[in-house]
*Asks:* 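Right, I'll just put the structure down here and ask away after.
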Amino acid sequence: MFQQLEPAPADPILGLTEAFKADTNPNKINLGVGIYKDAQGNTPIFSAVKKAEQKILQTETTKNYLPIPGAAEYAAAVQKLLFGADHPIVTGKRAATAHTPGGTGALRVAGDFLKKIQPNAQLHVSDPTWANHKGIFGDAGFTIKTYPYYDAATKSLNFDALIAALKNIPAGDIVLLHACCHNPTGVDPNAQQWQQIAEVIQAQQIFPIIDFAYQGFGNGLEEDTVGLKAIAAVVPEFIVASSYSKNFGLYNERVAAFTIVTEDASATQAAFSHVKTTIRRNYSNPPSHGGAIITTILNDPELTKEWRAELEAACQRIHQMRTSFVESLKAKGVTQDFSFITKQNGMFSFSGLTKEQVHTLRDKYAIYIVDSGRINVAGITPSNIDRLTQAIADIL
């Protein structure tokens with residue numbers, strides 16, 4: 001069966017990490033995979049997470065299966081984090097949430113579910129988008145289209161083209177949106193632009209999926225919900241895929257959520273019954289530990305306060321590295337304007353480096369960047385920034 005198979009191409013991001021690991025250069029730098037690094041280059045475990053784990057170990061009494069959508073307490077904590085406890089969607093029971101294995105799992109559940117109930121719909125993603133989006137929804141059976149998003153000339157959002165494209169998407173089609181910290185560009189709509197996006201989506205009768213992987217890494221936990229809440233205020237039905245790998249540092253726990261919102265509680269429960277069928281045929285039910293950590297933290301005021309402070313510190317470090325990166329390039333004599341990097345949000349930035357320049361950095365300097373020029377700003381540290389910016393200055 002397998003003798004005729006050719007090796008599949010390596011994942012453009014995870015494959016880069018494998019190449020980085022194999023590199024023997026002691027000064028190598030990895031700015032590819034989207035993992036937070038502290039000033040020492042480590043991916044730390046939040047102290048609030050360790051305390052929550054201790055609490056779980058002391059009180060846990062069983063390793064029994066969770067229900068298909070996971071624990072109800074986890075779902076309630078997720079909805080509170082997304083919308084706020086007093087939001088009409090929450091109080092009106094218009095949302096139902098399933099604990100999924102990673103944001104990828106949440107997106108795939110969305111893809112399988114929507115393909116079953118809307119088989120003729122096409123799915124539209126931003127140009128560019130996260131490298132795995134097209135694969136996830138393509139394997140779910142969707143025809144993938146793109147809409148304009150990033151203006152390479154101005155290093156900013158191509159908003160007029162985005163709106164024009166949305167107005168041409170057929171009713172019943174699906175659009176994938178990044179809630180904040182757009183991956184890979186780091187460029188987000190502002191509040192007024194989000195309102196316009198929501199109004200066009202509703203007018204066109206397009207169904208939105210909101211990929212929310214970086215809440216708290218942009219402008220703050222509540223501030224980063226501006227796009228989600230703009231959609232929620234206007235559009236009666238949508239799905240949110242929210243990941244907690246980054247903002248809780250729970251990368252290897254693979255903990256995320258699928259949340260569906262409809263016009264009323266009855267329609268939500270009917271739709272969610274089909275979501276549960278989709279999950280049952282995929283992975284049956286989720287793992288427990290990561291969801292238990294998040295539930296424990298968000299239901300304990302002291303742990304919540306500690307976690308928020310740690311998240312804010314991580315976010316501030318990224319902002320500082322953006323500024324330091326731009327200043328260091330200028331100090332190295334680079335005349336090209338990189339100030340746009342300080343205006344972007346989250347861990348990622350479209351650096352403007354070409355594929356050829358990226359390969360030169362990899363081959364000559366052991367600096368690993370995705371071919372698109374996207375860099376993980378969180379991988380920049382006080383100890384590697386001088387070597388990094390000098391290498392970039394050398395190749396420009």
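Throughout, numbering of the chain's residues begins at 1 and tracks the sequence.
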*Asks:* For the residue pair E223 and C180, establish whether any side-chain heavy-atom pair is separated by less than 4.5 Å.
*Replies:*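 No, every pair of side-chain atoms sits at 4.5 Å or beyond.
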
*Asks:* What I want to check is whether the side chains of S266 and D264 have a donor and an acceptor closer together than 3.5 Å.
*Replies:*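 Not at all, the side chains of S266 and D264 share no donor-acceptor pair under 3.5 Å.
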
*Asks:* Check side-chain contact (heavy atoms from CB on, under 4.5 Å) between E302 and all other residues, then give those that pass, not counting sequence neighbours.
*Replies:*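 side-chain contact (heavy atoms from CB on, under 4.5 Å) list for E302, sorted by chain: D300.
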
*Asks:* Between F258 and V275, is there a side-chain heavy-atom distance shorter than 4.5 Å?
*Replies:*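 Yes - at least one pair of side-chain heavy atoms lies under 4.5 Å apart.
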
*Asks:* Check whether any side-chain heavy atom of L361 lies under 4.5 Å from a side-chain heavy atom of I369, and answer yes or no.
*Replies:*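 Yes, close enough: below the 4.5 Å cut-off.
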
*Asks:* Looking just at side-chain N and O atoms, do D188 and H178 make a donor-acceptor pair shorter than 3.5 Å?
*Replies:*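 Checked: D188/H178 side chains show no N/O donor-acceptor pair below 3.5 Å.
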
*Asks:* So do T225 and F83 actually touch side chain to side chain, heavy atoms under 4.5 Å?
*Replies:*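 Answer no - side chains too far apart.
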
*Asks:* Do Q390 and D386 have side-chain atoms, one donor and one acceptor, less than 3.5 Å apart?
*Replies:*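 No - no donor-acceptor pair under 3.5 Å links their side chains.
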
*Asks:* Looking only at the aromatic ring of each residue, does the gap between the centers of Y150 and F350 stay below 6.0 angstrom?
*Replies:*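 Under 6.0 Å, so yes.
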
*Asks:* Apply salt bridge (Lys or Arg N to Asp or Glu O under 4.0 Å) to K155 and D151, showing your working.
*Replies:* CA-CA 6 Å; K155 308 291 193 301; D151 187 333; over 6 Å; no

*Asks:* Under the side-chain hydrogen bond (donor to acceptor under 3.5 Å, both in side chains) criterion, do H182 and T185 qualify, and how do the steps go?
*Replies:* CA-CA 6 Å; H182 183 273; T185 69; 2.9 Å; yes

*Asks:* With a 3.5 Å cut-off and no angle check, do the side chains of E327 and T323 form a donor-acceptor pair?
*Replies:*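 No - no donor-acceptor pair under 3.5 Å links their side chains.
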
*Asks:* Do we see a donor-acceptor contact under 3.5 Å between the side chains of R280 and N285?
*Replies:*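 Side-chain D/A pair, R280 to N285: absent.
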
*Asks:* Could you tell me whether R362 and D371 make a salt bridge, using a distance below 4.0 angstrom between a side-chain N and a carboxylate O?
*Replies:*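 Yes.
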
*Asks:* Return the set of residues passing side-chain contact (heavy atoms from CB on, under 4.5 Å) with D38 (not counting sequence neighbours), or none when no residue passes.
*Replies:*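 D38 satisfies side-chain contact (heavy atoms from CB on, under 4.5 Å) with Y36, Q40, N42, P44 only.
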
*Asks:* Going by atom types alone, do H133 and S126 pair a side-chain donor with an acceptor below 3.5 Å?
*Replies:*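 Their side chains do not contain a donor-acceptor pair, so the 3.5 Å distance test is not met.
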
*Asks:* Can a donor-acceptor pair be found, under 3.5 Å and without considering hydrogens, that links the side chain of Q215 to the backbone of D224?
*Replies:*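 No; judged by distance alone, with no hydrogens or angles, the pair does not exist.
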
*Asks:* Counting distance only, does the side-chain N/O of R254 pair as donor-acceptor with the main-chain N or O of G105 below 3.5 Å?
*Replies:*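 Answer holds: no.
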
*Asks:* Assess whether a salt bridge exists between E306 and K51, defined as any Lys/Arg side-chain N lying under 4.0 Å from an Asp/Glu carboxylate O.
*Replies:*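 A salt bridge is present here (some side-chain N lies under 4.0 Å from a carboxylate O).
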
*Asks:* Within the 3.5 Å criterion, strictly below it, is a donor on S383 or T381 matched to an acceptor on the partner's side chain?
*Replies:*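 Judged by distance alone, the side chains do pair up.
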
*Asks:* Do I209 and F238 make a side-chain contact, defined as non-hydrogen atoms from C-beta onward lying under 4.5 Å apart?
*Replies:*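 Side-chain contact under 4.5 Å: no.
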
*Asks:* Applying the salt bridge (Lys or Arg N to Asp or Glu O under 4.0 Å) test to E222, which of K80, K229, R308 qualifies?
*Replies:*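 With E222 as partner, salt bridge (Lys or Arg N to Asp or Glu O under 4.0 Å) holds for just one option, R308.
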
*Asks:* Step through the shown structure and confirm whether more than 12 heavy atoms of other residues, nucleotides or ligands are within 6.0 Å of CG on N25.
*Replies:*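 Atom CG in N25 is packed in, count exceeds 12.
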
*Asks:* Quiz question: by atom type and distance under 3.5 Å, do the side chains of E237 and T262 form a donor-acceptor pair?
*Replies:*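 The criterion, which ignores hydrogens and geometry beyond distance, is not satisfied for T262 and E237.
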
*Asks:* Please answer whether the main-chain N or O of I201 pairs with a side-chain N or O of Q204 as donor and acceptor at a distance below 3.5 Å.
*Replies:*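 Not at all, since once roles are kept as given, no pair shorter than 3.5 Å links the two residues.
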
*Asks:* Would you call the rings of Y74 and H99 parallel, tilted or perpendicular, where under 30° means parallel and over 60° means perpendicular?
*Replies:*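 It falls in the tilted class, 30° to 60°.
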
*Asks:* Can a donor-acceptor pair be found, under 3.5 Å and without considering hydrogens, that links the side chain of D173 to the backbone of Q122?
*Replies:*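 Pair found, side chain donor or acceptor close to backbone of Q122.
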
*Asks:* If the condition is side chain to side chain donor-acceptor pair (under 3.5 Å), which residues does H289 pass it with, not counting sequence neighbours?
*Replies:*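 For H289, the residues satisfying side chain to side chain donor-acceptor pair (under 3.5 Å) (neighbours in sequence not counted) are E53.
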
*Asks:* So F20 and Y368, would you call those rings parallel, tilted or perpendicular, with 30° and 60° as cut-offs?
*Replies:*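 Perpendicular, since the angle between the ring planes exceeds 60°.
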
*Asks:* Could you walk me through whether E312 and Q316 pass the side-chain hydrogen bond (donor to acceptor under 3.5 Å, both in side chains) test, one step at a time?
*Replies:* CA-CA 6 Å; E312 174 65 20; Q316 288 303 317; 2.8 Å; yes

*Asks:* Within the 4.5 Å heavy-atom criterion, are L388 and Y365 side-chain neighbours or not?
*Replies:*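 Contact flag for L388/Y365 side chains = no.
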
*Asks:* Does a side chain donor of either Q79 or T97 reach within less than 3.5 Å of an acceptor in the other side chain?
*Replies:*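 Distance-only check passes for Q79 and T97.
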
*Asks:* With the side chain counted from C-beta on, respond yes when N384 and R387 share a heavy-atom pair under 4.5 Å apart, and no when they do not.
*Replies:*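 Sidechains of R387 and N384: no contact.
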
